[in-house]
Amino acid sequence: MHKVNRRGLLTSLGALGGSTLLAGFGTCLQTERTLQADDLGTIEVPLVGPRWDYVKLDPAHVRETAYRIYPDGGCMYAVVGSVIRALAELKGEPFRSFPLGMMRYGAGGVGHWGSVCGIVNGASALIGLFHSEVSKESREEMITEFCLWYETTALPAYKPAKPHMAGEIDPSVAGSVLCHISTIKWCEASAYDAYCPEKKERCMRLTADGARKVVEILNRKADDAACEFASLTADVKSCVDCHGKKELADATGSMSCNACHQFEKKHP
């Protein structure tokens, strides 16, 4: 429970326009937070904000948009932007006012640190945006399917009619959701370096694939709230069972372990 004193509460309401603010909640109400004021009793203060309601989209259309807008902000920007723009076309607000520019931070594995790929980051952000009120387990099921797809699928699969940077792009299996490892695997498979036009074209197409995949996941959830999603592979589940909280409790996570760890033959 969040506590505020009488002076602080009244000052805040006064600064925001008091009655004007309260009168303007309307259909923007999503939830309420209870504030305990020491001499005013319990006050219900509504949390205001738009409703981000998802409607089914055309995965192919979203894929094309993601490829097209990639140069404006990179992989995370393009995954999120392709979906938000499609919804803005269909529904207008609040999607027209979405602060899309903030998603540029995800490029290159978060500020070019090579950590989680912006495609995975962006897809997970969309799942969180549209399913913030469902159980944590439900969100994680959707994210798990996306991450498994990214880790184990030969990508990119998308072939644009008019490529931006290069023609033929060899696919590769990332083996990890980390940008750093995903890039290394592609460089090994293609014999290109990480700074060539072909690498950028690869990321643009991979982003288009990711945008399509997350829309397919969101569409399935929209069709059937109880639908099932892909679960961890047997190898990873074995690692999690052993190193998770039920046994050794010395590790967390669900990504493929082999991407970073080399095991001796005697390891289980």
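Checking V173, D209, I119 one by one against L155, the side chain to side chain contact (heavy atoms under 4.5 Å, CB included) holds for a single residue, D209.
With contacts defined as side-chain heavy-atom distances shorter than 4.5 Å, the pair E228/R220 does not qualify. In this structure the side chain of P156 reaches within 4.5 angstrom of the side chain of R202, judged on heavy atoms. Side-chain contact check for V177 versus C147: some heavy-atom pair is nearer than 4.5 Å. Two residues are said to be in side-chain contact when any heavy atoms from C-beta on lie closer than 4.5 Å; P163 and R205 meet this criterion. Within the 4.5 Å cutoff, the side chain of N121 has no heavy atoms near those of the V79 side chain. Looking at Y77 and Y105, their side chains never come closer than 4.5 Å, going by heavy atoms from C-beta outward. The side-chain heavy atoms of P59 and N219, taken from C-beta on, include a pair separated by under 4.5 Å.
The hydrophobic clustering, which links ILVMFWY residues whose side-chain heavy atoms are closer than 4.5 Å, places I84 and Y70 apart. Residues V62 and M142 fall within the same hydrophobic cluster, defined by Ile, Leu, Val, Met, Phe, Trp and Tyr side chains chained together at heavy-atom separations under 4.5 Å. Note on L129: it clusters hydrophobically with V215, by side-chain heavy-atom contacts below 4.5 Å among ILVMFWY residues. Clustering ILVMFWY residues whenever any of their side-chain heavy atoms sit less than 4.5 angstrom apart, transitively, puts M76 in a cluster other than the one holding M204.
Summarising the hydrophobic clusters (Ile, Leu, Val, Met, Phe, Trp, Tyr; side-chain heavy atoms under 4.5 Å, direct or chained), the residues clustered with I169 are W186, Y192.
Residues satisfying the side-chain contact (heavy atoms from CB on, under 4.5 Å) criterion with M102, sequence neighbours excluded, are P99. Taking K136 as the reference, E140 meet the salt bridge (Lys or Arg N to Asp or Glu O under 4.0 Å) condition, with sequence neighbours excluded. A search for salt bridge (Lys or Arg N to Asp or Glu O under 4.0 Å) contacts involving E89 returns nothing, not counting sequence neighbours. The side-chain contact (heavy atoms from CB on, under 4.5 Å) check on S135 picks up E137, S138, with sequence neighbours excluded. Looking at residues two or more places apart in sequence or on another chain, you find no salt bridge (Lys or Arg N to Asp or Glu O under 4.0 Å) involving E198. With sequence neighbours excluded, the residues forming a side chain to side chain donor-acceptor pair (under 3.5 Å) with E93 are S97, listed by chain and number. Applying the side-chain contact (heavy atoms from CB on, under 4.5 Å) test to V55 and every residue at least two apart in sequence or in another chain returns L87, L90, K91. Evaluation of the salt bridge (Lys or Arg N to Asp or Glu O under 4.0 Å) rule for D223 yields K56 as partners, not counting sequence neighbours.
From L100, atom CG reaches atom OG of S82 across 9.0 Å, with rounding to the nearest 0.5 Å. Summarising the geometry, atom SG belonging to C196 is positioned 10.5 Å from atom CD belonging to E201; distances are rounded to the nearest 0.5 Å. Remark: R212 CZ to H61 NE2 distance equals 13.0 Å, nearest 0.5 Å. From T207, atom OG1 reaches atom CD1 of I69 across 9.5 Å, with rounding to the nearest 0.5 Å. Here CG of L206 is found 8.5 Å from SG of C75. Values are rounded to the nearest 0.5 Å. K213 NZ to L218 CG: the interatomic distance, rounded to the nearest 0.5 Å, is 11.0 Å.
Here the side chain of S182 pairs no donor or acceptor atom with the backbone of L178 at under 3.5 angstrom. In terms of modelled atom types and a separation under 3.5 Å, the side chain of S115 and the main chain of G109 share a donor-acceptor contact. Of the possible donor and acceptor atoms, none in the side chain of R139 sits under 3.5 Å from a partner among the backbone N and O of I127.
Of all heavy-atom pairs spanning G108 and C179, the tightest one is C-SG, 3.8 Å. In terms of heavy atoms, P171 sits closest to A189 at O-CB, 4.2 Å.
The stretch residues 134-172 participates, sequence neighbours left out, in these ring-ring contact (aromatic ring centres under 6.0 Å, His included) pairs: Y67-Y158, Y67-H164, F146-W149. Pairs passing the salt bridge (Lys or Arg N to Asp or Glu O under 4.0 Å) check and including a residue from residues 57-85, sequence neighbours excluded, do not occur. A ring-ring contact (aromatic ring centres under 6.0 Å, His included) check over residues 108-139, counting only residues at least two apart or in different chains, returns the pairs Y54-F130.
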